[in-house]
There are 2 protein chains.
Amino acid sequence: MSLNLKEKILYAASGLFYSQGIRATGVDAVVKAANTTKMSLYKYFSSKDDLVIAFLRKRDEDFRAWFVEQVNGKADTPKAKLLAIFDVISEWMAIPEFRGCAFINAAAEFPLEGNPVHQVSAEFYDQFRSYITELSRQCGSRSPESLALQLSLLIEGAIVSEQMKRHSGAAEQAKQAAIILIEASLSDIPCM
Amino acid sequence: MSLNLKEKILYAASGLFYSQGIRATGVDAVVKAANTTKMSLYKYFSSKDDLVIAFLRKRDEDFRAWFVEQVNGKADTPKAKLLAIFDVISEWMAIPEFRGCAFINAAAEFPLEGNPVHQVSAEFYDQFRSYITELSRQCGSRSPESLALQLSLLIEGAIVSEQMKRHSGAAEQAKQAAIILIEASLSDIPCM
DNA sequence: GTTGAAGTATACTGATCGGTATAGTCGCAA
DNA sequence: TTGCGACTATACCGATCAGTATACTTCAAC
């Protein structure tokens, strides 16, 4: 817990950016939350944009590590891991601080595709999808890319749905759908 | 096309709010785009918040009407309509002005559930889901609510995915997944 | 021909935005 | 003891934010 000042600022910024939104959070609010001054903030981050990018990169790193660890702790086989993903998502959604996906939110706040914030957000989902694709491949899907994209649509949809309205059972339904899609993708003959 | 001043302001605001984001769009920019003055804007809208709510309500009304019309133009039976939804979404995503779902974006910009903007956005998806539920019921789904929720997760996921990265085939995969989920929900014995 | 409503033009308010300048405090190392 | 880098304190900058006050034009109804 011994954070240096730069980490303390980033930690404070992360909390505010995620819970209130990026544009809604002023530099002064970050400074106050980190118990420091603007001068120090601008010593470590050249601009607010720079701080935002740092927030997203760290969130990317932390979230993916946490997520994979959670999944691995719940399941051993690739197929079980694919399903465990939905349990992890479900538990994540249940925490009161849940405010949707930081990357989806950031992309919504900075809609232009060329924007650096938008790009960093897009990278997260690229890597997240790669993770699911690899699991799909390992468990013998006929088309790992298709299955992975389909499952990631369910996940993103569930996150957004839960963000719009809490406790609507999105994660559970996403898992039920995932079970069907996984089985369909594993059998040689499509189930329809 | 003969818009009165209030409609002109709302039209200009809608374009800017959707393409650039709500917080990123100042009142002055709306005024300039509508070729009017602040005084007139504040005659018809008591505050920027009021204008934002009006934007979302009109978008709700217009989009749902347009969407249902598009679906009805593509299919006759309830089952065909469920699938046509994904074609409409796909075509919508292809237009260059596409910037994701205005309601998802608004909810991301105003993350607190109690916020009026957030609430209006949530209402849209409630009604959208009701529409899908009704179609699911009409085509004999064993559990219309479940199927509708699952399909809406695919739709929301596809929209978000396309917003993050254009032309990644999200809509097509969503439709493929939908076909499987619909068949599974129509058969008496789950296909797994 | 007058009145009144609709809309324009423009200057303004106070607050907040991101970012900077200057001076001072603090602890540690040579 | 001196010097130095990390950090603080505070006041400031110009720009922009949402919102208002005042005066003016335009035009149609009576």
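Every chain is numbered from 1 and lettered A, B, ... according to where its sequence line falls, protein lines coming before strand lines.
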Euclidean distance, atom [atom1] of residue [X] to atom [atom2] of [N] [Å, nearest integer]:
X: A:Phe45; N: C:dT20; atom1: CZ; atom2: P; answer: 15 Å
X: A:Lys43; N: C:dG18; atom1: NZ; atom2: C1'; answer: 20 Å
X: B:Asp28; N: C:dT10; atom1: CG; atom2: P; answer: 14 Å
X: A:Leu41; N: C:dC17; atom1: CG; atom2: P; answer: 14 Å
X: B:Lys6; N: C:dG7; atom1: NZ; atom2: C1'; answer: 16 Å
X: B:Ile22; N: D:dA18; atom1: CD1; atom2: C1'; answer: 16 Å
X: A:Arg23; N: C:dT16; atom1: CZ; atom2: C1'; answer: 15 Å
X: B:Lys48; N: D:dC17; atom1: NZ; atom2: P; answer: 8 Å

Carboxylate-amine/guanidinium proximity below 4.0 Å for [X] and [Y]:
X: B:Glu91; Y: B:Lys74; value: yes
X: A:Glu156; Y: A:Arg129; value: yes
X: B:Lys58; Y: B:Glu61; value: no
X: B:Asp60; Y: B:Arg64; value: yes

Distance alone, cut at 3.5 Å: any donor-acceptor contact between the side chains of [X] and [Y]?
X: A:Asn105; Y: A:Gln163; value: yes
X: B:Thr133; Y: B:Glu145; value: no
X: B:Ser185; Y: B:Ser141; value: yes

Under 4.0 Å between any heavy atoms, over every strand shown, what does B:Thr25 touch: base, sugar-phosphate, or nothing? Just pick one.
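Sugar-phosphate contact only.
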Any side-chain heavy atom of B:Lys81 within less than 4.5 Å of one from B:Gln138?
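Side-chain contact under 4.5 Å: no.
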Tabulate atom names and distances for all N/O pairs under 3.5 angstrom spanning the protein and nucleotides 8-10 of chain D.
from  : atom 1 : to      : atom 2 : distance (Å)
D:dT8 : OP2    : A:Thr36 : OG1    : 2.6
D:dT8 : OP2    : A:Ser40 : OG     : 2.9

Mind telling me whether A:Phe124 and A:Phe128 have parallel, tilted or perpendicular rings, with 30° and 60° as the class edges?
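Answer is parallel, since the angle falls under 30°.
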Nucleotide nearest B:Tyr42 when distance is taken to its side chain, options C:dG18, D:dG19, C:dA6
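Nucleotide nearest to B:Tyr42's side chain: D:dG19.
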Tell me which nucleotide among D:dA6, C:dA6, C:dG18 gets nearest to the side chain of A:Tyr44.
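Of the candidates, D:dA6 comes closest.
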Counting Watson-Crick and G-U wobble pairs whose two distances are both under 3.5 Å, find the runs of 3 or more in a row that involve DNA chain D.
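Paired runs of 3+ in DNA chain D: C:1-30 with D:1-30.
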